[in-house]
Amino acid sequence: MCWSGGQRARRGRAGASRPHGPPFAQAVVDNVATLDPAEPATVGVTFDGTDVHFDFGIPRGEQGAGGDPGAQGEVSLAQLDDALAGVVANSSANTYGVETLDIAISDPPTQAELQAVVDKLNEMLLAQRRP
């Protein structure tokens, strides 16, 4: 017998040993249907003994004001260049703002020379971090 939560409980007998069924091999998406915007999304699931089968219904979005469902947006080359420049300027790949360290190191190096190297290394690390 065992104690559980201050009350005495009895353990049940072990169940009969049964062979394990085959593990399912994969999940299969059989169908994806586009529904009207007002309809709720749906998911149907079946199991054939081996594979799990899914059928999805996904509502399309509402048409935007003044939108033409067949039209594609146009972006000028200048707009694309400006957008890319903004991304690069704010990315961790922008290390162009870090000037090179052009100093002569004596042998042995002085404390000031080593501090200049540490300062430049810190500047580079900070420039590589995402904002």
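Worth saying up front: this structure is predicted, and the values here are computed from it rather than measured. Reckoned from all heavy atoms, side chains included, excluding hydrogens, waters and symmetry mates.
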Which residues satisfy the side chain to side chain donor-acceptor pair (under 3.5 Å) test with Glu39, sequence neighbours excluded?
-> none
Step by step, work out the side chain to side chain contact (heavy atoms under 4.5 Å, CB included) result for Ile58 and Leu35.
-> CA-CA 6 Å; Ile58 302 172; Leu35 307 175; 6.0 Å; no
Nearest-0.5 Å distance, CG of residue Asp107 to CD of residue Glu113 | 10.0 Å
Interatomic spacing from CD in Gln79 to CG in Asp82 - rounded to 0.5 Å = 8.0 Å
Side chain proximity check, His53 to Asp48, heavy atoms < 4.5 angstrom = yes
Approximate separation, where rounding is to 0.5 Å, of Thr46 OG1 and Asp30 CG | 6.5 Å
All side chain to side chain contact (heavy atoms under 4.5 Å, CB included) counterparts of Thr34, not counting sequence neighbours | Arg60
Is the closest side-chain heavy-atom distance between Val117 and Lys120 below 4.5 Å?
-> no
Flag the pair Val43 / Asp55 as yes when at least one side-chain heavy-atom distance between them is below 4.5 Å, and no otherwise.
-> no
Atom CD of Glu99: over 12 foreign heavy atoms under 6.0 Å | no
Do Leu114 and Val118 have side chains that get closer than 4.5 Å, going by heavy atoms?
-> no
Side chain proximity check, Val28 to Gln26, heavy atoms < 4.5 angstrom = yes
Does Thr100 use its side chain to pair, donor to acceptor, with the backbone of Asp102 at less than 3.5 Å?
-> no
Just how far is it from atom CD1 of Ile103 to atom OG1 of Thr110, taken to the nearest 0.5 Å?
-> 7.5 Å
Identify the two heavy atoms, one from Pro37 and one from Pro59, that lie closest to each other, and give their separation to 0.1 Å.
-> O-CB, 4.1 Å
